[in-house]
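See structure below.
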Amino acid sequence: MTEQLGLDRSAETPSATYILPLKRGRAGGLGDLPGYLQRVVSWSAVLVVDGSPPEVFAEHSRLLPAGVVHLRPEYACLNGKVSGVLTGIGHARTETLVIADDDVRYTADSFRRVADLLQSADVVRPQNNFSDLPWHARWDTARSLLNRALGADYPGTLGCGVRRCWPRTATTATSCSRIWS
């Protein structure tokens with residue numbers, strides 16, 4: 001099954017899978033995302049679960065680099081990102097998962113750090129770190145810090161440890177249903 005998904009690595013089996021839920025309403029390119037994912041495939045298996053319309057999905061397939069597994073969501077959920085995450089979890093072949101929005105950028109070292117932390121934690125919730133501080137970055141930084149001080153923040157990325165005993169075929173939320181094709 002891993003060969004079918006393009007996840008077979010002859011030199012080294014990846015220790016983590018990068019799951020990126022994606023949905024765009026219209027064509028228009030992916031910016032620097034294909035170049036970034038080209039780097040990520042050198043240190044991780046990469047699954048892009050794309051809920052975009054068929055013509056946009058086809059364009060994404062042409063733009064994504066070799067080694068990236070491009071899938072359609074297999075769940076219908078009220079939140080499309082959840083559909084992508086559940087599908088990605090079902091197709092991942094590692095117990096360690098890093099789930100990220102399309103605007104999140106890891107370096108090899110920061111990715112490895114999250115994967116290493118997942119050896120002793122079930123969830124790793126990194127803090128957003130902006131290299132530039134335009135108004136929206138300052139806003140998001142303030143929001144993140146306030147939310148963390150008061151209990152929890154929900155960043156655009158999570159690291160998860162998923163054990164093999166987790167029932168991958170179970171419906172995990174009442175707002176989702178499996179899409180059978």
Side-chain angles (χ1 to χ4, degrees), residues 1-2 4-7 14-25 30-31 33-34 36-37 39-41 43-54 56-57 60-61 63-65 67-106 110-119 121-128 140 143-144 147-148 151-181:
M1 184 70 169
T2 55
Q4 176 186 1
L5 292 175
L7 300 179
S15 63
T17 300
Y18 189 88
I19 299 173
L20 191 149
L22 180 68
K23 184 175 184 178
R24 300 281 170 86
L30 295 172
L33 185 62
Y36 167 68
L37 292 177
R39 291 188 302 276
V40 176
V41 298
W43 68 70
S44 174
V46 178
L47 302 174
V48 174
V49 185
D50 189 349
S52 302
V56 179
F57 182 91
H60 292 167
S61 287
L63 294 172
L64 292 172
V68 171
V69 178
H70 190 214
L71 304 166
R72 300 293 271 156
E74 296 174 355
Y75 294 86
C77 301
L78 295 177
N79 180 321
K81 192 177 293 188
V82 173
S83 304
V85 170
L86 290 176
T87 300
I89 289 171
H91 284 271
R93 298 294 172 246
T94 62
E95 291 186 3
T96 303
L97 310 175
V98 176
I99 302 164
D101 286 345
D102 63 340
D103 62 346
V104 170
R105 299 293 182 265
Y106 279 95
S110 62
F111 186 89
R112 200 171 4 267
R113 175 75 173 137
V114 170
D116 289 346
L117 287 169
L118 286 167
Q119 301 311 305
D122 292 325
V123 176
V124 174
R125 190 174 54 184
Q127 174 68 46
N128 292 336
D140 195 64
R143 177 200 57 76
S144 296
N147 284 343
R148 281 195 165 201
D153 181 43
Y154 302 96
T157 183
L158 286 174
C160 304
V162 177
R163 306 295 167 238
R164 287 285 177 205
C165 63
W166 185 74
R168 293 174 180 261
T169 58
T171 300
T172 58
T174 58
S175 63
C176 298
S177 59
R178 178 93 165 147
I179 298 172
W180 299 101
S181 44

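Minimum heavy-atom separation, K81 to D101: NZ-OD1, 2.8 Å. Across all their heavy atoms, C77 and L86 have their closest contact at SG-CD1, 4.1 Å. The shortest heavy-atom contact between S52 and H60 is OG-CE1, 3.5 Å. Between A100 and P21 the shortest heavy-atom distance is O-CD, 3.5 Å. The minimum heavy-atom distance between F57 and L71, with the atom names listed, is CE1-O, 3.5 Å. Between A115 and A16, the shortest heavy-atom contact is CB-CB, 4.3 Å.
Residues T94 and T17 bring a donor and an acceptor atom of their side chains to less than 3.5 Å of each other.
Atom CG of L47 sits about 11.0 Å away from atom CG of L37, to the nearest 0.5 Å. Remark: H91 NE2 to I89 CD1 distance equals 11.5 Å, nearest 0.5 Å. Taken to the nearest 0.5 Å, the OG atom of S83 stands 8.5 Å off from the CG atom of L78.
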>> Pair Q119, T96 - check side chain to side chain contact (heavy atoms under 4.5 Å, CB included), show working.
In response: CA-CA 8 Å; Q119 301 311 305; T96 303; 3.6 Å; yes
>> For a side chain to side chain contact (heavy atoms under 4.5 Å, CB included) check, start with the C-alpha distance between D102 and R24, then their side-chain angles and the critical distance, and finish with the verdict.
In response: CA-CA 11 Å; D102 63 340; R24 300 281 170 86; 2.4 Å; yes
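Contact check for V46 versus H70: no side-chain heavy atoms found under the 4.5 Å cut-off. Within the 4.5 Å cutoff, side-chain heavy atoms of L64 are placed close to those of L30. A 4.5 Å side-chain heavy-atom check between L20 and V68 finds every atom pair outside the cut-off. Inter-residue side-chain proximity for S44 and V98 is flagged as unmet; no heavy-atom pair is nearer than 4.5 Å.
The backbone N or O of G51 lies less than 3.5 Å from no partner atom in the side chain of R72, so there is not a single donor-acceptor pair. Judged by distance alone, with hydrogens and angles left aside, the side-chain atoms of Y18 form no donor-acceptor pair with the main-chain N or O of V48 at under 3.5 Å.
Counted within 6.0 Å of CZ on R113, heavy atoms from surrounding residues, nucleotides or ligands total 12 or fewer; the atom is thus considered open.
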